[in-house]
Amino acid sequence: MVQLNNISKTYNKGSTLAVDNVSFSVDKGELFGLIGPDGAGKTSIFRILTTLLLPDTGTASVTGLDIIKDYKAIRNGVGYMPGRFSLYQDLTVEENLNFFATLFNTTIRENYELIKDIYIQIEPFKTRRAGKLSGGMKQKLALCCALIHKPTVLFLDEPTTGVDAVSRKEFWEMLKRLKEQGITILVSTPYMDEATLCDRIALIQTGKILSIDTPEKIIKQFQEQLYAVKSGNMYKLLNDLKRYEYISSCYPFGEFFHVLFKNNVHNIKTEVMNYLKSKGHEQLEMHSIPPTIEDCFIKLMTH
Amino acid sequence: MSLPEEQKEVIIEQKMKQFITFVKKEFYHVFRDRKTLLMLFGLPVVQIVLFGFALTNEIKNTKVVILDYAKDEASGSIINKIEASSYFEIEHSLLSHEEIERAFKQGTIKLAIVFPVNFNNDLLHLNKSQIQIIADASDPNTANTLISFTTSIISDYQKELMQINALPYLIIPKIRMLYNPELKGAPNFVPGVMALVLTLICVMMTSVAIVKEKEKGTMEILLVSPFKPILVILSKAIPYLLISFVNVSVILLLSVFILDMPINGSIVLLFAESTLLIITALSLGLFISTVTDSQQTAMMLSMMGMMLPTTLFSGFMFPIENMPVALQLISNIVPAKWYYIIVKSIMIKGLGFSGVWKETLILTAMTVFLMIISLKKFKTRLE
Amino acid sequence: MTTTVIKTENLTKRFGDFIAVDKISFEVHPGEIFGFLGANGAGKTTAMRMLCGLSIPSNGFATVAGYDVYKETEQIKKSIGYMSQKFSLYEDLTVTENIHFFGGIYGLSDKQIKEKSTELIQKLELEDQTKKLVKTLPLGWKQKLAFSVAIIHQPQIVFLDEPTGGVDPVTRRQFWDLIYDAADKGITVFVTTHYMDEAEYCHRVSIMVDGSIKALDSPSALKKQFSADSMDKVFYELARGAKRSDN
């Protein structure tokens with residue numbers, strides 16, 4: 001459905017490398033996530049695939065159409081929701097939707113089934129100007145507009161950035177329902193916890209793909225034993241752990257620190273507990289845990 | 001690849017519908033931005049009114065110098081009459097031509113009246129005498145008005161003399177316009193304002209409107225759609241074209257009914273030529289939008305690229321003839337200059353198309369040139 | 001000085017009929033890391049603006065660093081630091097220029113600025129980047145630098161408005177190391193975030209819904225109270241019923 005081969009892209013006459021030799025493919029009906037922080041190259045990849053930017057090197061195709069040669073045909077068939085809220089703030093909800101429907105030679109009625117679930121949530125505000133909508137509702141309207149022509153592939157660039165946790169959950173549920181209707185979806189996000197909601201993900205950092213697979217397989221590739229450690233004084237714990245001779249890495253994760261130790265130490269748990277107790281820590285807690293995508297990302301990033 | 005007629009019709013119908021929707025959207029943008037709307041329609045009115053008032057106000061209490069070499073009965077009477085007029089403030093102290101010249105240069109006086117030595121004598125014995133009137137014509141409007149005031153005072157005196165004596169006495173005012181002998185641009189600010197308003201609205205508004213889509217990110221969505229990018233521009237131009245028409249009409253109405261300025265030529269031709277300038281300005285606006293990414297830069301560029309040259313080089317504020325040759329050459333590439341000549345020819349001289357075809361041709365060539373380069377520069381991608 | 005650095009009682013802000021912040025009361029203690037959470041549009045930004053002395057409350061009482069938010073806004077501004085995701089540093093100035101500028105704004109002497117800037121550059125390992133324009137730095141570094149600049153004048157409190165949005169996971173944690181470090185030195189940290197795991201790093205957390213504070217306690221107590229295993233669930237429980245939201 002979507003195919004990239006060795007795509008690279010630089011800005012400022014080659015001085016900034018935004019996308020570095022990226023290749024991956026997305027199958028029909030897949031919900032594919034591009035996971036990485038700001039500046040990782042997610043937006044550049046999306047713009048290349050939506051024919052808005054030309055890559056420096058490499059080839060890519062969307063629904064079998066070449067992104068350079070057949071750009072007009074691609075533009076007719078895909079749906080795109082850019083990272084910023086990109087609707088007309090001074091037009092009402094209904095005017096925006098009508099406008100985009102006509103732009104794609106269709107009508108709201110023709111594809112109403114597809115957007116119905118989402119549209120009914122914003123319908124009570126259909127005479128309100130888009131600029132006056134709340135963040136979550138703007139996202140819903142933008143999604144409706146991107147869907148109105150029943151695209152075969154949907155590109156969503158950071159749809160949940162800056163959106164609160166509740167609206168984010170709702171948004172992902174909408175994506176799941178769209179996927180069930182057979183639309184191929186490419187979505188990018190800086191939130192690592194959203195990775196597990198995708199069928200397959202590409203972890204990306206500074207223009208390079210760190211890993212591509214299903215979230216489960218990526219987690220499986222993390223072979224070291226990860227520990228969660230907690231104490232009454234977390235700041236002191238951080239400093240003490242960093243000074244510990246067998247430490248490999250230590251990062252705060254919620255109320256715990258996720259810690260990796262050097263491989264060759266026997267009975268590491270007892271060793272660590274003794275060390276920390278000797279440093280005067282109380283209410284110590286330590287247990288082994290399975291890694292999250294974020295742990296994997298950090299590991300891939302720092303290696 | 002040829003499509004059956006029916007299918008072609010459907011496609012054309014679709015395209016039309018898209019286009020109409022787009023134009024409708026543009027009108028929403030224009031009408032929902034109240035402040036800009038107010039500026040769009042208020043600007044021409046304000047300019048006309050301001051220019052109109054500036055003219056009448058400036059004349060009052062103008063400093064005038066009288067150099068009276070004659071010091072006789074006739075010169076005395078005329079001086080009394082001039083003094084009595086509320087328009088002039090007389091300074092007697094100057095005694096020589098050199099001093100007058102200096103005073104003009106310093107800008108302390110606007111008008112000088114010189115009576116020759118044998119003024120009364122010539123008048124009585126030769127029935128004919130001369131007065132020299134020198135005006136600072138760097139401000140042509142003021143100069144012209146001052147001169148006509150002075151000459152009317154003199155002709156008043158002439159009439160009085162004739163009532164007393166049967167013989168015809170003739171006073172010939174010898175007028176010298178300093179700095180701007182041909183008195184270009186005198187009450188002709190109306191064409192100037194038209195040129196200014198049209199270029200301002202069309203260049204600035206179109207460039208800002210297009211760049212706004214880029215800045216807000218909506219251009220990305222428009223590009224990733226079947227809509228032809230070139231139609232984006234065309235549909236943006238339409239509302240401003242219409243607004244400009246309204247403005248031209250308002251300016252003309254104001255100048256005819258408030259400023260008593262006649263339209264001697266064909267109104268249809270005037271509108272046709274205005275349309276030409278609007279299209280020139282729209283293409284320039286489009287060009288600016290292709291080279292800028294923010295509304296602010298677009299606005300600045302429009303101001304610098306259009307407002308300044310228009311006021312400087314169209315000839316309505318500053319006479320081009322008196323500029324250095326280099327600037328005169330530059331003025332030729334300013335579309336407003338040609339439009340200004342065209343409008344003046346039609347409105348004041350009452351000429352028809354045969355009188356303005358050359359300027360029209362130049363303007364058309366400019367438009368075609370601008371269109372071609374801006375369409376070439378217009379990107380169907382983001383960079 | 002009292003044992004509270006921020007104290008509010010029934011603090012309210014109305015815009016016409018709309019009650020953006022509805023009678024919020026809480027206290028923040030010195031050296032505490034206080035998480036200020038809420039859904040979009042819950043009133044976080046408005047509340048924060050009042051505390052920073054940028055917006056006069058409609059009703060209620062509040063002091064920041066012992067100063068009244070109605071009358072002593074100038075003193076408040078001198079006692080606090082502020083950093084947001086949107087604006088923090090001048091992109092077209094270099095690292096050193098930014099440090100010197102903000103140091104100057106907060107009334108530090110040239111000597112102090114010099115000392116501080118060396119210390120700060122060393123700590124952030126920016127030695128090779130001092131002459132680079134801030135816009136050329138990666139986002140994570142920018143944010144770390146912005147935070148350090150926001151506390152360059154040793155304020156009593158630093159307000160952080162979504163400081164880590166879009167930052168990579170490693171830098172995000174390095175950023176929190178800086179926060180811990182500042183808190184350890186006695187600077188009170190008042191922070192908003194959309195990352196729920198970061199809520200766990202705070203000593204205490206308040207959750208705002210529709211203009212009022214619906215919960216306020218330590219993360220572990222809140223999890224117990226809502227019988228949830230993560231702050232994410234606590235937040236979801238509370239914010240799910242929110243009626244309003246905006247940007």
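Just so it is clear, the structure is predicted and the values come from calculations on it, not from any experiment. So you know, we letter chains A, B, ... as the sequences are listed, proteins then strands, and number each from 1. All heavy atoms count here, side chains included; hydrogens, waters and symmetry mates do not.
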- Task: Please check if any side-chain donor atom of B:Y339 sits under 3.5 Å from a side-chain acceptor atom of B:E273, or the reverse.
- Result: no
- Toward chain A, the part of B:E13 with a non-hydrogen atom under 4.5 Å: neither
- Part of B:F19 lying under 4.5 Å from any heavy atom of chain A: neither
- Message: I'd like to know which of B:H29, B:K216, B:K24 tops the heavy-atom pair count under 4.5 Å against chain A.
- Response: B:H29
- From A:I108, A:L103, A:N98, residue fulfilling side chain to side chain contact (heavy atoms under 4.5 Å, CB included) relative to A:I148: A:I108
- Task: Over 60° means perpendicular and under 30° means parallel, so classify the ring planes of B:F22 and B:F227, tilted if in between.
- Result: parallel
- Verify, without hydrogens or angle tests, whether B:S294 (side chain) and B:T297 (backbone) share a donor-acceptor contact under 3.5 angstrom. yes
- Query: Would you say A:H149's side chain and A:V78's backbone share a donor-acceptor pair under 3.5 angstrom?
  - Reply: yes
- Under 4.5 Å from a heavy atom of chain B, the part of A:Y71 involved: side chain
- Task: Select, from A:L91, A:I74, A:T51, the one with the greatest count of heavy-atom pairs under 4.5 Å involving chain B.
- Result: A:L91
- Among A:Y80, A:Y88, A:F155, which has the most heavy-atom pairs under 4.5 Å with chain B? A:Y88
